[in-house]
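A short worksheet on the structure shown next.
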Amino acid sequence: MDKISKPSVSPNPVILQSEGLLKYILETSVYPREEETLKELRNATTNHPLGFMGTAPDAGQLMVLFLKLLNAKKTIEVGVFTGYSLLLTALNIPHDGKITAVDPDRKAYELGIPFIKKAGLLHKIDYIESPALPVLDKLLEDPANEGTFDFAFVDADKNNYWNYHERLIKLIKIGGIVAYDNTLWGGTVALPEIAVLESKREWRRSTLAFNKAISNDSRLEIAHVSIGDGLTICRRVS
Ligand code: SAH
Ligand code: CA
């Protein structure tokens, strides 16, 4: 008889929740290797009232691996804020690489620009001050853009994630990666709605629907990773 009882939920929920473990990972493996201008940008962002929105540096480190493994040269970023993930991408694509970066909040981006300039990487960035949906639609108006992007990072309004996905799946090349941030939405995806702050409920519902739809999308291979606030990594396979 099988003596090992099979847990019906994650066997290690404590690990997923432990702040001490996160601190350990950051101090051991992430901060010592974080590029200097990136660290400076992250520190400058803590003064922004919405500073918590910056990409988790451990998730950033994982993104770097994907960029490198893909040899990514042409990327899209939806949701720039002060530019942590943008600078991270710029640092890890070749000299002639290009990032199309879209965000309606130019003011937040301006906080990051001096650090991107200091790193000498502004030339890689095509910043478009706009909501992302019309920009993606515009890109798709030219069929020559289809299947040409190596990597996309989506970190913006959660109620639009599926809209972004429908467009990005056409823009990304087969074998390319689209990574979606905040797909655990503060852990609320695993809570009953009643236990969730009202201000978080709408995007919790969007995230639940998005996660389900992504899981059912046969055009992708996925990994839903519990890093930062949840990162869903999708590789286009058809
Ligand atoms: N990736 C960033 C964090 C992004 S925070 C970093 O590493 O710091 C979320 C961002 O999404 C905000 O800057 C917000 O202005 C942007 N956003 C909100 N709605 C958007 C939309 N419709 N299109 C593009 N960006 C949007
Ligand atoms: Ca985020």
Side-chain angles (χ1 to χ4, degrees), residues 22 26 30 34-35 37-64 66-67 75-93 99-116 119 121 125-139 151-168 171 177-189 199-200 202-204 206-207 210-211 224-233:
L22 173 61
L26 291 173
V30 181
E34 191 181 33
E35 205 273 341
T37 47
L38 207 49
K39 203 184 289 292
E40 288 171 14
L41 191 159
R42 181 167 56 75
N43 287 331
T45 299
T46 54
N47 301 324
H48 191 286
L50 298 173
F52 61 88
M53 292 204 307
T55 298
D58 48 335
Q61 199 175 49
L62 182 62
M63 269 170 58
V64 169
F66 292 127
L67 290 165
T75 83
I76 301 186
E77 176 157 306
V78 173
V80 171
F81 188 46
T82 63
Y84 186 87
S85 50
L86 182 61
L87 176 54
L88 179 101
T89 305
L91 283 163
N92 289 286
I93 60 174
I99 309 164
T100 303
V102 196
D103 196 309
D105 184 0
R106 165 104 201 170
K107 213 165 162 16
Y109 176 52
E110 278 168 5
L111 196 153
I113 290 176
F115 301 96
I116 299 171
L121 296 172
I125 296 166
D126 177 16
Y127 180 88
I128 304 172
E129 180 186 354
S130 165
L133 219 45
V135 173
L136 298 179
D137 282 336
K138 187 105 209 291
L139 283 171
F151 180 84
F153 182 53
V154 179
D155 188 10
D157 44 339
K158 316 307 164 198
N159 52 331
N160 264 319
Y161 270 27
W162 190 255
N163 291 326
Y164 298 143
H165 184 65
E166 280 177 331
R167 287 150 179 89
L168 288 170
L171 290 167
I177 282 177
V178 187
Y180 293 94
D181 196 34
N182 305 99
T183 54
L184 296 177
W185 198 228
T188 62
V189 291
S199 57
K200 290 207 137 193
E202 191 195 335
W203 281 7
R204 171 185 170 274
S206 312
T207 305
F210 174 77
N211 289 341
H224 195 170
V225 182
S226 173
I227 192 169
D229 189 27
L231 187 68
T232 302
I233 302 144

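All ligand and atom numbering here is 1-based and tracks the order in the structure.
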From the list Y161, W162, F153, ring-ring contact (aromatic ring centres under 6.0 Å, His included) partner of Y180 resolves to Y161
Of all heavy-atom pairs linking V78 and A132, the shortest is CG1-CB, 3.5 Å
- Query: Taking distance alone, with no angle check, do N160 and ligand 1 share an N/O pair under 3.5 Å?
  - Reply: no
Counting from 1 in the order shown, the ligand 1 atoms closer than 4.0 Å to a non-hydrogen atom of D157 are 19 (N), 20 (C), 21 (C), 22 (N)
Quick note on ligand 1: atoms under 4.0 Å from a heavy atom of F81 include exactly 2 (C), 3 (C), 4 (C), 5 (S), 8 (O), 13 (O)
Between D181 atom OD2 and N182 atom OD1, the angle centred on the Ca ion (ligand 2) rounds (to 10°) to 80°
heavy-atom search around atom 8 (O) of ligand 1 in the protein gives G54 CA, 3.3 Å
Nearest heavy-atom approach of L88 to G60 is CD2-O, 3.4 Å
Taking only non-hydrogen atoms of D155 and a 4.0 Å limit, the atoms of ligand 1 in range are 1 (N), 2 (C), 3 (C), 4 (C), 5 (S), 9 (C), 10 (C), 11 (O)
*E110 bridged to R106 by N-O distance under 4.0 Å*: yes
Distance col, row R42:CZ vs F115:CZ, nearest 0.5 angstrom, shows 12.0 Å
D103 to ligand 1: N or O pair under 3.5 Å? yes
Taking the side chain as everything from C-beta on, heavy atoms only, tell me whether Y84 gets closer than 4.5 Å to T45. no
A student checking ligand 1 against D105 at a 4.0 Å heavy-atom cut-off should list atoms 15 (O)
In this structure, CD1 of I227 is separated from CG of L184 (nearest 0.5 Å) by 11.0 Å
Residue, atom and distance of the protein heavy atom nearest atom 23 (N) of ligand 1 read A132 N, 2.9 Å
From the list D181, L168, N182, side chain to side chain contact (heavy atoms under 4.5 Å, CB included) partner of V154 resolves to L168
- Query: Does a sphere of radius 6.0 Å around NZ in K39 hold more than 12 heavy atoms from other residues, nucleotides or ligands, not counting ones at 6.0 Å or beyond?
  - Reply: yes
Worksheet item: With the threshold set at 4.0 Å, does a side-chain nitrogen-carboxylate oxygen contact exist between E202 and K158?
Response: no
Item checked: ligand 1 contacted by V80 (non-hydrogen, < 4.0 Å) -> yes
If we number the atoms of ligand 1 from 1 as shown, the ones under 4.0 Å from a heavy atom of A156 are 11 (O), 17 (N), 25 (N), 26 (C)
Can you check whether T55 has an N/O within less than 3.5 Å of an N/O in ligand 1? yes
Within-cut-off N or O pair, F153 and ligand 1, under 3.5 Å:
no
Logged contact type for Y164 with ligand 1, heavy-atom cut-off 4.0 Å, is side chain
The N/O/S atom of D155 lying closest to the Ca ion (ligand 2) is OD1
**Asked** Is ligand 1 less than 4.0 angstrom away from at least one heavy atom of P104?
**Response** yes
